[in-house]
Each structure stands twice: as C-alpha cells, then as structure tokens.
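Every value quoted in this text rests on a predicted model; they were computed, and no experiment measured them.
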2 protein chains.
Amino acid sequence: MGKEENYKLNRDKCAYGHCAHNHGYGNGHHESCVSLVPIFNHLEDEQMDEIVEVIKSSSYKKGEIVYSAGDKSDSLYIVRSGRIRIYRLSESGKEQLVRILKPGDFTGELALFSESIHESYAEAVEDTKVCMITRSDLQNLLMKFPSISLKILSEFSRRLEESEKQTARVSTEKVETRIASFLTECVNKKDGSMEFVLPMSKKDLASYLGTTPETISRKLSELEDEGYIRQGPHRKIKILDLDGLYDA
Amino acid sequence: MGKEENYKLNRDKCAYGHCAHNHGYGNGHHESCVSLVPIFNHLEDEQMDEIVEVIKSSSYKKGEIVYSAGDKSDSLYIVRSGRIRIYRLSESGKEQLVRILKPGDFTGELALFSESIHESYAEAVEDTKVCMITRSDLQNLLMKFPSISLKILSEFSRRLEESEKQTARVSTEKVETRIASFLTECVNKKDGSMEFVLPMSKKDLASYLGTTPETISRKLSELEDEGYIRQGPHRKIKILDLDGLYDA
DNA sequence: CGTTAGGTTGAAGAAGTTCAAAGAAAGTGG
DNA sequence: CCACTTTCTTTGAACTTCTTCAACCTAACG
C-alpha cells in the first residue's frame, strides 16, 4: 500500500522529487494535481485552493496495488504521474483488463456515488503518484461548485459510451475485427501518424480484447502476412493499409 | 417519431389517457414524470415546478424509433411508462442489445455531456411515454440544483459498473456461465422467489449475452436436463438449484 | 385464421482455446 | 555491464465451443 500524507501540509515545502519540474511555473497550483486534471483545472484559483485543502497525496511503487475488489471504496483517485491498470477477475478467475489510467485520469468513481465496494483491482504499472479526495469531501465540493459535477458527468458519459462500445465489440465481432479496430483507434489517437507503439503488452491487449495472447500473436502475424501492418521490435506497429484493415 | 407537445401547457388539462390513473393522488406533480423518477423526486415541490416548466412530453407506439445512431442528441429522455430497447449495430451489422429501459430510467445521457451524436438506437418495445429535457435546460437545472447532479452521477456510476461487468463477462466467460449468472441475477432482483419471467425474448437475451438464439435455446435445455432449472411456457423459468447454477 | 416473428433441433464447419515447448525481451542483483 | 531469472511472445497441434444454415415448430398479432 502506498504511503499517504496530508498534501495540505506539504504543499509549500515540495517534499517530492517531482516538484523540481514544477518550480517557477507561476501560480501556486502546480504542485498538486488540481491544476492538472480536466475535472478541476477550469476553476478559479480560489476555488482550487479550497480543493487543495482536502486533497491527500499518495504514491505507489511499480506493481503495488492501489485497491482490490472487495475493498471499501471511499476516495476518488486522480493520477498525477505514472500509470494504473484497472482490471477485473471473473468468477472463473480470468483477468479482464478494463482500462489503463494515465495522468489526469481518475478512478474510484463507482463507489463514490453508489455502492461502496470496489469490484475491480487497481495496480500501479510503474511508479505512480495519485491525489485522493474522500467521498464526503468530494460531495461537499460538488454541492459548492456545480461545474465540477458537469465535468465529471461529461467524463462519465464518455466512459460509459466507451464501455458500451467495448461490450458490443466483444460480443459481436470476431477477434480479428476487434484487433483491427483497436489498431485503427491507436492511429486516430496519434492523429495521422501510421506508426505507433502498442500502449500495453500483448498479454494485456489480449485480456482487454477478450482473447488469449496466443490468438493475438497469430492474428497480428496474419494481418502482417496479408500486408495490412508491419510489426517492429518493442511493440512498434506500422499501419500499411488502413482502409484494408477496416474491411478485414 | 413521436408527437411532441409542450407539457407545460397541458399540465393541468390532462390531455393524456394515463392521467386518469393519476387523478386525485394529491399534489400537482403526479401528472408529469418529475415526481416519479429517482433523479428528480427528491426535490422540493417548488423545485419540481421549475423542472416541469422545461419538460416536454412525447409518446411512441410500439416499434417506433425514439432515436437512431447518427442522430444529433440534444435531449435527455425519461421513461414515464412503457419500455424502450437500447441497442447498437456493430460494424458487421449485428445487433447488440445494451439495455432495456423501464419507467423511471433515462437515456440520451452520452450526448448530453460530451459528444452530440447517438451511437445507439432506442426503440419502443411497447407503447411508451417519455419526458424530455433539452441539453441547455438540463445544464441550467444542474447548475441551479446541484443535488440533481449527484443523483445522475450515482446512476451513471451504477451503469458504468454494470457495463464494465458485462464486458468482463462477455470477454472471459463462456456462454453457459453467462446465462447462469444472468439467471442468478434475475432471482436476486426478484428478491428470493425462485420463479420469474425472462425480462426479454430469448432472441434479445442472445443479443444481450453476445451469442445466438440457437445457443441460448440449447444451453437452457442443457441446464434443464442437468436439473438446475425448469422452463415453463411464456418465458417462465424456475430455478431448482441455485448453487449448482453458480458452479456450472 | 392466416401471417409473421420467435423458438427449437440437427449436422457441419469455423473460430478460438488450451497445452506444451521454445525463443525473445525485460527486470534484477551482483 | 553482465549473467541470471522472470515474464512475455511465438508456434504447432489437438481439442472445444460456438456459429451457421436449414428445416420445422410454436406463439403472438392483426
């Protein structure tokens, strides 16, 4: 479990290594995640100050578990740096990768508003720093600054849309199609460039797409043989025929 | 498309057949859905009045489409009576059932807060009445009554949790397990009773669980042969061995 | 009461999983 | 920086699960 400190106490002392990067950037918010994440960074300085008051900070070493299924959930976690893997274990014990959090993303939402038990696991993929807000503090903030709710609602609806799309994909498309559309989306996110690095291991990709590493490996080879893509070392992938990939 | 009327103008005239059921129930809110749905019914009467002002009402005959993928989305739809099927069409043209809305449920959320194009289809399963609030009206309400946001956030997080669970199920469990856990949940919702009616056709169930009607039919027969359940007429199902079903 | 949509059943074939084994990459500690 | 260990990845082959198609049956609906 990560060490937890009251961030308020440290906000001007820069007790963390990462602060070095933030020195001299202007206003006093750079030291916390408040000014970094989309759900808060639209607020006025004074409002941010109020949030900073209730935020706690915590860090996790690579491989550490942030929370487990069954844990009581009473905080919202916001990633400040690093990456967090969110996954589930099915009844039959298989792992299913739900999503990977990057800086600015948050998790812990489910339990904040409805139930209070986590159903998924959160694991630091690399050394990771997070900000935490407790349920009650957050609810106070939401009542006080309704615009935060709108931001979170916006993020929720985006995520819901994505999750439902993912369900539809896994339940109606065959593996090859799922892989193809995943690759296509990687390109879209890269905005044009036909070359990119897979955002996760093929093992995780298999888990995310609802298949096995063996099948991923085979299907990628097939796509390569058919001339749609080329695989480089270190998970590098180059799309050779985007349109062909779509139809495949 | 359903006929649309400004509900405000009619709220005291009872232009709708259903109003007959509501006459004489006490306060003036029973005629609209405001007092019926969880996201609004916790408010004060005066606040509800304000919402009633901006609500429009609309009704759809069985089989009518409420919205289609690709339509611009600018309203939240709240089901007042009837049922609405939400489904997606995959790139390969297959239909995937996302959820079925009952009275009190809402949809249209995605586009209200982030994108503005529907990715799914909404179809009235039976004659259905809905209340609608436009995006801008809703956003005003949310800023004015922050507690509404909390309700919607709560519903979103519940739905998100459910959707992610569904994704995990479809991607890690085999069909028989998915069916078994679906049946188990039907029992849980019925709170104890081991007998219930499938909430949808087996065709829709197949689409919801990511399989085919043929497979559903076969697996249910198998479960029956193995003594876990008994199928009655009219989609009636009785669970004979709940624990066995869990492990199967 | 006939028409249409939903449901069942069989048989054949496709798609994906599993297991085993070996090779490649990444992390660990000297 | 190297050697070592661990984890990830690839490949083959047997096997399982599920889909598909076609036929037939049954319930729902105008």
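One can place CD1 of A:I216 at 10 Å from P of D:dT9, the figure rounded to the nearest angstrom. Distance, B:M200 CE to C:dG6 P: 14 Å, rounded to whole Å. To the nearest angstrom, P of C:dG27 lies 15 Å from NZ of A:K61. In this entry the distance linking NZ of A:K203 with P of C:dA25 reads 18 Å, nearest Å. Between A:L198 atom CG and C:dA26 atom P the separation is 13 Å, expressed in whole Å. Regarding B:L220, its CG atom lies at a distance of 13 Å from the P atom of D:dC18, rounded to whole Å. As a whole-Å value, the separation of B:E126 CD from D:dC29 P is 11 Å. Here the P atom of nucleotide D:dT26 and the CZ atom of B:R235 are 17 Å apart, to the nearest Å.
Between B:K202 and C:dG7, a side-chain N or O to OP1/OP2 separation shorter than 4.0 Å is absent.
For the pair A:H234 and A:G210, nearest-nucleotide mapping onto DNA chain C gives the more 5' position to A:G210. Sequence order on DNA chain D of the closest nucleotides to A:S221 and A:S171 puts A:S221 first from the 5' end. The residue among B:T215 and A:Q231 whose nearest nucleotide of DNA chain D lies closer to the 5′ end is A:Q231.
Using the six-membered ring where Trp is involved, B:Y77 and B:Y67 have ring planes that are tilted, between 30° and 60° apart.
Listed nucleotides: D:dC8, C:dG27, D:dA28. Nearest to the side chain of A:S201: D:dC8. Comparing C:dG27, C:dT9, D:dT11 by their nearest atom to the side chain of B:E214 picks out C:dT9. When distances run from any side-chain atom of B:T211 to the nucleotides C:dT18, D:dC18, D:dT20, the shortest one goes to D:dC18. Side-chain atoms of A:K174 lie closest to C:dG16 of the nucleotides C:dG7, C:dG16, C:dT8. Listed nucleotides D:dC18, D:dT10, C:dG7 differ in distance to B:K219; the shortest reach to its side chain belongs to D:dC18. Nearest to the side chain of B:T212, among C:dT17, D:dT9, D:dT19, sits D:dT19.
Of the candidates A:L209, A:T211, A:L205, A:T184, A:I179 forms a side chain to side chain contact (heavy atoms under 4.5 Å, CB included) with just one, namely A:L209.
B:R80 and B:S57 form a side-chain donor-acceptor contact under 3.5 Å, judged by distance and modelled atom types alone.
A donor and an acceptor atom never sit less than 3.5 Å apart when one is taken from the side chain of B:R218 and the other from the base of C:dG7.
Atoms NZ and CG, on A:K202 and A:L220 in that order, are 5.5 Å from each other to the nearest 0.5 Å.
Because its NZ or CZ atom is not both nearer than 6.0 Å to the ring centre of A:F156 and within 45° of the ring axis, B:R158 does not count as a cation-pi partner of that residue.
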